[in-house]
Amino acid sequence: MNEVFRSAANEFRQKIPQLSRKTEVSRLYRKSLKLLSSWVIDREIFLDEADKLRARFDDGKTASEAKAIRLLKEARDEIQKNSHPDPYCVPFMPGGSLFMRNPPPPLEVCF
């Protein structure tokens, strides 16, 4: 590949979006709750653990910039470490037990 082709390809390559700190934290919190729901079956225990998780996120709300970056990195590492081997999946979504249970008949049969 020559330089002209590379420069043309780079113009159309998508850039990785830079997320704001608030968006990054909210996505991390949501992912943490989903991971928690995979590990905890009982709703009462889930609510107690979710309160503890929310308290941990609220503790880091007023952190300095450097500490916030460190906390985000630690949270990502903790999520990676505690990921569930068989995460909960909504039954009617792909991978769920109800997905395509009653698929629509083929159009050739209908008409």
Side-chain angles (χ1 to χ4, degrees):
M1 290 196 275
N2 60 15
E3 190 62 35
V4 175
F5 180 76
R6 285 190 188 130
S7 65
N10 286 337
E11 288 182 24
F12 292 100
R13 201 169 278 156
Q14 288 186 346
K15 307 287 189 273
I16 297 174
Q18 290 293 346
L19 300 175
S20 67
R21 183 73 33 126
K22 182 178 178 182
T23 306
E24 195 172 351
V25 170
S26 63
R27 286 184 180 184
L28 197 61
Y29 179 65
R30 181 181 164 111
K31 189 166 186 149
S32 301
L33 285 177
K34 286 186 177 195
L35 181 64
L36 182 63
S37 71
S38 292
W39 284 106
V40 179
I41 297 171
D42 186 26
R43 190 69 178 166
E44 291 297 320
I45 297 172
F46 173 80
L47 292 175
D48 292 340
E49 293 297 321
D51 287 340
K52 292 176 189 175
L53 183 66
R54 179 62 190 214
R56 286 179 64 189
F57 272 85
D58 285 340
D59 288 342
K61 188 182 277 188
T62 58
S64 65
E65 187 72 19
K67 186 176 180 184
I69 292 171
R70 183 180 56 81
L71 287 174
L72 283 173
K73 184 180 180 312
E74 289 174 1
R76 281 190 222 103
D77 293 342
E78 188 174 344
I79 285 177
Q80 184 69 27
K81 184 183 80 167
N82 294 330
S83 63
H84 197 279
D86 187 23
Y88 176 75
C89 180
V90 181
F92 52 82
M93 297 301 285
S97 60
L98 295 176
F99 182 68
M100 295 295 287
R101 180 169 285 184
N102 296 315
L107 290 177
E108 302 88 41
V109 175
C110 295
F111 297 106

request  = Show your working on side chain to side chain donor-acceptor pair (under 3.5 Å) between Thr23 and Ser20 and close with a plain yes or no.
outcome  = CA-CA 5 Å; Thr23 306; Ser20 67; 2.9 Å; yes

Just verifying a value: how many Å separate [X] [atom1] and [Y] [atom2], rounded to the nearest 0.5 Å?
X: Ile41; Y: Arg43; atom1: CD1; atom2: CZ; value: 13.0 Å
X: Arg56; Y: Ser32; atom1: CZ; atom2: OG; value: 8.0 Å
X: Asp58; Y: Arg54; atom1: CG; atom2: CZ; value: 4.5 Å
X: Arg6; Y: Arg13; atom1: CZ; atom2: CZ; value: 10.0 Å

ask   = Under the 3.5 angstrom rule, does the side chain of Ser38 hit a backbone N or O of Tyr88 as a donor-acceptor pair?
value =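 Answer holds: yes.
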
Answer with yes or no whether the hydrophobic clustering places [X] together with [Y]; edges join I, L, V, M, F, W, Y residues whose side-chain heavy atoms lie under 4.5 Å apart.
X: Ile79; Y: Leu36; value: yes
X: Leu35; Y: Ile45; value: yes
X: Leu33; Y: Leu72; value: yes
X: Trp39; Y: Leu47; value: yes
X: Leu71; Y: Leu53; value: no

Any [X] side-chain heavy atom under 4.5 Å of [Y] side chain:
X: Cys89; Y: Phe92; answer: no
X: Lys31; Y: Arg76; answer: no
X: Ser37; Y: Phe46; answer: yes

Thinking salt bridges, do [X] and [Y] make one under a 4.0 Å N-O criterion?
X: Lys81; Y: Glu74; result: no
X: Lys52; Y: Glu49; result: yes
X: Glu65; Y: Arg70; result: no

inquiry  = Counting neighbours of CG on Leu98 that are heavy atoms of other residues, nucleotides or ligands and sit closer than 6.0 Å, is the number greater than 12?
reply    =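 Atom CG in Leu98 is packed in, count exceeds 12.
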
request  = Would you indicate whether Arg21, at its atom CZ, is surrounded by more than 12 heavy atoms from other residues, nucleotides or ligands within a distance under 6.0 Å?
outcome  =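 For Arg21, atom CZ is crowded (more than 12 foreign heavy atoms under 6.0 Å).
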
Intermediate values then yes/no, side-chain contact (heavy atoms from CB on, under 4.5 Å), Arg27 and Lys22 = CA-CA 9 Å; Arg27 286 184 180 184; Lys22 182 178 178 182; over 6 Å; no

ask   = Can you list the residues that meet the ring pair (Phe, Tyr, Trp, His ring centres under 6.0 Å) rule with Tyr29, with sequence neighbours excluded?
value =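 Scan of Tyr29 (ring pair (Phe, Tyr, Trp, His ring centres under 6.0 Å), adjacent residues dropped) gives Phe57.
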
